[in-house]
Amino acid sequence: MTGTLTPGRIAVLLGLLAAGLLTGGAGWLVVDLWFPGGLLLALLAVSGLFLGGRIAVGTGLGVGAGALGWFLAYVVLGVPRPEGDFLLGSSGIGTYAYLLGGAVLAVICATLRSPSDRPVPAARSHK
């Protein structure tokens, strides 16, 4: 499914964006609730989202759509409310570990090679 943006591919990317919003929102809320188990659970869910996006689309664009939704959930939950309080505070190391860990997982999944990619043969020496 590599190539141009077809209507089906756009629908998959929008679905991954929505899944990223939901996964990110749930992950951000569970990280501090059940630390450190919540952090591990949230990172596992995010890695599944990113890897699934990579497999579904066939390129790093699938990872990017899920990662964009995941990060938008962080932005929305991190914005202060009119009363001055936050839904997502930076009270502990778990929030920063989730942000860094999710970013690292997104990069790893985006740069994975598919099994059909063949390595470039090494240059031969002509002696």
Side-chain angles (χ1 to χ4, degrees):
M1 198 166 151
T2 60
T4 62
L5 286 176
T6 62
R9 183 177 247 193
I10 292 171
V12 168
L13 292 172
L14 289 174
L16 287 168
L17 180 72
L21 281 166
L22 293 173
T23 305
W28 289 112
L29 294 175
V30 79
V31 164
D32 284 334
L33 185 62
W34 297 322
F35 188 78
L39 173 64
L40 296 174
L41 182 65
L43 286 174
L44 184 65
V46 164
S47 65
L49 170 72
F50 295 158
L51 188 59
R54 172 69 183 189
I55 293 169
V57 178
T59 64
L61 192 59
V63 179
L68 179 62
W70 170 75
F71 188 72
L72 284 176
Y74 170 73
V75 170
V76 168
L77 292 174
V79 172
R81 297 178 9 169
E83 297 85 20
D85 52 348
F86 295 86
L87 283 175
L88 175 66
S90 58
S91 60
I93 192 168
T95 305
Y96 294 115
Y98 185 52
L99 183 61
L100 179 63
V104 167
L105 287 170
V107 169
I108 289 171
C109 290
T111 57
L112 284 175
R113 293 176 46 168
S114 67
S116 63
D117 291 342
R118 294 196 173 117
V120 177
R124 295 185 192 195
S125 163
H126 297 288
K127 291 184 179 183

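Fair warning: this is a prediction, and the values are worked out from it, not measured in the lab. We number each residue from 1, following the sequence as shown.
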>> I need the single residue from L51, L43, L100 that forms a side-chain contact (heavy atoms from CB on, under 4.5 Å) with L105. Which is it?
In response: L43
>> Please evaluate residues V63 and L112 with respect to the criterion side chain to side chain contact (heavy atoms under 4.5 Å, CB included), reporting the C-alpha separation (whole Å), side-chain torsions for both, the decisive distance (0.1 Å), and the verdict.
In response: CA-CA 10 Å; V63 179; L112 284 175; over 6 Å; no
> How far apart are the closest heavy atoms of G24 and A73, and which atoms are they?
Replying inline: C-CB, 3.8 Å
> Quick one: CH2 on W70 to CG on L16, what's the gap to the nearest 0.5 Å?
Replying inline: 15.5 Å
> Does the side chain of L17 reach to within under 4.5 Å of the side chain of L13, using non-hydrogen atoms?
Replying inline: no
> Shortest non-hydrogen contact from W28 to L77?
Replying inline: CB-CD1, 3.9 Å
> Which heavy atom of A42 sits nearest a heavy atom of V31, and at what distance?
Replying inline: CB-CG2, 3.9 Å
>> Show, in sequence, the C-alpha distance, side-chain angles and deciding distance for V76 and L21, and conclude whether the side chain to side chain contact (heavy atoms under 4.5 Å, CB included) test is met.
In response: CA-CA 10 Å; V76 168; L21 281 166; 5.8 Å; no
>> Test your reading of the model: is there a side-chain donor-acceptor pair from S47 to the backbone of L44, 3.5 Å cut-off?
In response: yes
> Shared ILVMFWY cluster between L33 and L40, side chains joined below 4.5 angstrom?
Replying inline: no
> Are L99 and V30 grouped together when hydrophobic residues (ILVMFWY) are joined by side-chain heavy atoms under 4.5 angstrom apart?
Replying inline: no
> Atom CZ in F50, atom CD1 in I55: separation rounded to 0.5 Å?
Replying inline: 14.0 Å
>> I need the minimum non-hydrogen distance between T59 and R54, along with the two atoms involved.
In response: C-NH1, 3.2 Å
>> Once rounded to the nearest 0.5 Å, what's the spacing between atom OH of Y98 and atom CZ of F35?
In response: 13.5 Å
> Looking only at heavy atoms, which two atoms of V57 and G62 are closest? And how far apart?
Replying inline: CG2-CA, 3.6 Å
